[in-house]
Amino acid sequence: MDVATNLRHIKQNIEQASKKSNRNPEEITIIAVTKYVTIERTEEAIEAGISNLGENRLDGFLEKHEYIQDKASWHFIGTLQSRKVKEVVGKVDAIHSLDRFSLAKEINKRAAEPVDCFVQVNVSGEDSKHGVSPNDTLSFIKELEAFENVRVVGLMTMAPHIKDEHRLRRIFKQLASLRDDIKAKKLPYAPCDYLSMGMSNDYQLAVEEGATHIRIGSNLVGS
Ligand SMILES: *Cc1c(COP(=O)(O)O)cnc(C)c1O
């Protein structure tokens, strides 16, 4: 299916989910995750109106970024090794996978200006998932105060690949409530306005539960 058709369909679903939850669909950013697809397909997405792209691996990111440059905003959504940080800062608009102090330290050191970061939280508790545990999230964020080039704009999570709607909702609600707690602290370096949650499998639920950034690969550009 062409990207434009997929995008139309996804936007309709977002609109429905927004209506159900009394939200404004305009406050939801669709990030096209292009990790499975070619540069041509990525360009097709931009022509279809996509302005935010997500990559989870350094190589894929650098390769696409070289062609696309600032025709899109870039989101780094995958595990980031500290020694690779210098290759992404200055090129990415946001890092969605801040999950440890050493990574924050490196971002702070390499960046020339504040980098928008989402703290990745392992809400589901699966061993395979990266992220700070929900109980440690606030203390982790408090430790970042000294890093003037790290700005915590929100929280991110990856839900397990399951169909159980009830369990998915619980995960999204938990992240939203954690975000509310942190936002209420009014930490100047951690406005924490955003929630990066929801993928092809579960983005409608994520929108109903407050997602501001959804990361869609297979259903939008293909797998
Ligand atoms: C691959 C990936 C996605 C998109 O997954 P789909 O199920 O294809 O939509 C979203 N977020 C992260 C972190 C990913 O690695």
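Please read these numbers as outputs of a predicted model, since none were measured by experiment. Counting starts at 1 for both ligands and their atoms, following the listed order.
Near Ile216, the atoms of ligand 1 lying under 4.0 angstrom from a non-hydrogen atom of the residue are 9 (O).
The closest side-chain heavy-atom distance from Arg169 to Glu165 is below 4.5 Å. Within the 4.5 Å cutoff, no side-chain heavy atoms of Ile31 are placed close to those of Ile214.
Around the CD atom of Glu143, the shell of radius 6.0 Å holds more than 12 heavy atoms that belong to other residues, nucleotides or ligands.
When the heavy-atom distances from atom 3 (C) of ligand 1 to Met199, Gln120, Arg57, His130 are ranked, the shortest goes to Met199. Of the candidates Lys35, Met197, Met156, Lys35 brings a heavy atom nearest to atom 14 (C) of ligand 1.
Residue Tyr36 places a heavy atom less than 4.0 Å from ligand 1. The shortest separation from a heavy atom of Asn201 to ligand 1 is not under 4.0 Å, leaving the residue out of contact. Within the 4.0 Å heavy-atom shell around ligand 1 one finds Ile77.
Scanning the protein for heavy atoms near atom 8 (O) of ligand 1, the closest one is Ser218 OG, 2.5 Å. Counting only heavy atoms of the protein, atom 11 (N) of ligand 1 lies nearest to Arg215 NE, 2.9 Å. Of all protein heavy atoms, the one lying nearest to atom 9 (O) of ligand 1 is Ser200 OG, 2.5 Å.
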Table please: side-chain donor-acceptor pairs of residues 95-103 below 3.5 Å, with sequence neighbours left out.
residue	atom	partner	partner atom	Å
His96	ND1	Ser196	OG	2.9
His96	NE2	His75	ND1	2.8
Ser97	OG	Gly78	O	2.6
Arg100	NH1	Leu80	O	3.4
Arg100	NH2	Leu80	O	2.7
Arg100	NH2	Ser82	OG	3.4

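Residue Asn52 comes nearest to Ile30 through the heavy atom pair CB-O, 3.6 Å, listed as atom of the first residue, atom of the second, then distance. Shortest non-hydrogen contact noted between Arg41 and Asp2 is NH1-CA, 4.0 Å.
Proximity of His96 to ligand 1, defined as any heavy-atom pair under 4.0 Å, is not found for any part of the residue.
With hydrogens and angles ignored, the 3.5 Å screen pairs no side-chain donor or acceptor of Asn201 with any backbone N or O of His161.
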